[in-house]
Amino acid sequence: MTDMKHRYESGFPKIGIRPIVDRRKLVKAALAESTMELAHEAAAAITSVLRNPDGSPVQVVIFDTCISGMSEAARCAEQFRKNGVGVLVTVANGWCYPLETMETDPTLPHAVWGFNGTERPGAVYLAALHAAHNQKGLPIFKIYGRHIQDLEERKLPEDVRDQLVRFTRAGLAAALLRGKSYLSIGSVSMGIAGCIVDEDFYQRYLGMRNAYVDMTEVTRRLEKHIYDEQEFHSAMAWADLHCKEGPDPNPESVQIDPESKKENWKTSIRMTLIVRDLMIGNPKLAEMGYEEEAYGYNAIASGFQGQREWTDHLPSADVLEAILCSSFDWNGTREPYMVATENDNLNAITMLFNHYLSHTAQIFADVRAFWSPEAVKRVTDWQPDGLAAAGFIHLINSGPAALDGTGEQLRDGQPVMKPHWEIGEQEVHACLNAVSWRPTYMDQFAGGGYSTDYTTRGGMPVTMARINLIAGLGPVLQLAEGYTLELPEDVHQRLDLRTTPTWPTTWFVPNRVAGDPIFDDVYSVMEAWGSNHCAVSYGHIGGDLITLASILRIPVNMHNVEAQRIFRPSAWSAFGTKDHEGADYRACAAYGPLYG
């Protein structure tokens, strides 16, 4: 098995907890111990739920002592800096001095939990501290339990626990982006604007770098065999065993001969190794004498242009995208890679947001068509009912829909998409068995290659999302929570054959919201979508996406998340409490990107 530990050799960001206590001697003596106990309770709540991308529990650093003044606050900041802390949580049991105990690093996501008890005014410190942060232009998340607790209580109320986990999950996602890179392999595909890499967006909003490699570098590595030959043979054996080839959709006159198809498979697998090595490096290449190539680009996401300069004469990138985006390959289960077809970097970043919040693989798709119940009835003579009664959206694209998207992983007998550390060997085989690898249409991909053909199982809760860049505004995020849909087989076939049946299909129904200008109608969701692409994640993660977007100062222009699941910095309410969407826009504009 290839050792990929170097993928995160610099480690993961940690969560820092700052216990705060009143500096007055008698008060400090009375509350220091209980405040530290609350800090440890908060840490336990976080570590019991949250994982790093490799599946290991997140690490929490609690400052050695309670902070009661500027000297201790400075020592805490230094300790956290040395320990790689990327997210802050302040915990207070009673009153403290806000201006003397606060942390002022504007790039660190920060939440404060004030214990809600009447004996000591932790909630008063909470109110004073978030007011100080807001006055100084340092947005902070405010965690305030609904119910009064007794002073001796240590157990976190459920609402406090939920907000604490939601904040730290989103905060870690933001921290994971910082210092990493997006790798653009090639340039703009077929005139798609999402391929244009906006360095200002990456640097100022995400804290990321950008790397660029021409597709000729992939050609060079193919020709000079700059990849692990031993791993290539293992990968080919795996593909021969598990990747079953489906019917060729092309007329016989243009079909590729069997020997050339076999060579296309070899090229596709080599491309998979090469793109992975470009993203994260491979120490094996240094052993082969390719020291520079061994480094990689520290990329947590990438995109491959493909069409048309590549696909007119070489196999498409569908195989590499499908395999890398999945949670498994010939080396077993592992964290999926975020690789966007057509170098749509905005969709790649959306996939990355979804992945860091859910730890699951992602479905990259065209938002292809809205099927109204009337149109379905006309074409198939079937009257949609149940989830499909108001119509549904056809999501389909050639390559980077992860094989996890088949829905063949199970939890309690229901289809799911799991984090890679929960996926069993039988589930891997079930996903692979549900996929037919179909030769590409030669009129679209003259160089040949293979696409994945599967249909996502119905009933899975999913979230469809997309970041768009708008001139004069900047990035905006849109999302729609809903469910995958399973159509009667004959209906699916009739509808699927009207588009590109050799590609993976996901039938999607957004959750409708009565009276909402967009989500009252499935057609309106399709009509309001801001691009031809979307990223689909398992689970209803819309609330987490909204929290992450607020950390990065990206407004959300469209969502169907209930109000009680929306968690943003407390300052957002100062920009308006009746129009939350407008307040989000105003707050993001006022504070600007997280990294300036």
List in chain and number order the residues that pass salt bridge (Lys or Arg N to Asp or Glu O under 4.0 Å) with [X], two or more places apart in sequence or in another chain; answer none if no residue qualifies.
X: K180; value: none
X: R161; value: none
X: R81; value: E78
X: R568; value: D584

Could you tell me whether the side chain of D344 and the main chain of A340 form a donor-acceptor pair under 3.5 Å?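 Not a single qualifying donor-acceptor pair exists.
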
F353 meets the ring pair (Phe, Tyr, Trp, His ring centres under 6.0 Å) criterion, sequence neighbours left out, with none

Which residues satisfy the ring pair (Phe, Tyr, Trp, His ring centres under 6.0 Å) test with H133, sequence neighbours excluded? H110

Verify the distance criterion only: is there a donor paired with an acceptor across the side chains of S537 and T463 at less than 3.5 Å?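 No, no side-chain donor-acceptor contact under 3.5 Å.
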
Tell me which pairs pass salt bridge (Lys or Arg N to Asp or Glu O under 4.0 Å) where either residue lies in [range], with sequence neighbours left out.
range: residues 467-481; answer: E481-R565
range: residues 586-596; answer: none
range: residues 54-63; answer: none

Salt bridge flag under 4.0 Å for residues R209 and E199: no

Crowded around R308 CZ? As in, over 12 foreign heavy atoms under 6.0 Å? no

Q564 CD: over 12 foreign heavy atoms closer than 6.0 Å: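 Counting neighbours around CD of Q564, more than 12 heavy atoms of other residues, nucleotides or ligands fall under 6.0 Å, so yes.
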
Sequence-distant partners of [X], side-chain contact (heavy atoms from CB on, under 4.5 Å), two or more places apart:
X: R23; result: S68, Y97, E100
X: Q59; result: K14
X: P593; result: R204, Y205

Output the distance between atom NE2 (H130) and atom CG (L126), rounded to the nearest 0.5 Å. 6.0 Å

Could you grab the distance from atom CG of L324 to atom CE of M338, nearest 0.5 Å is fine?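 Reported to 0.5 Å precision, the distance equals 10.0 Å.
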
Is the distance between the ring centroids of Y202 and Y182 under 6.0 Å?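 Yes, ring centres under 6.0 Å apart.
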
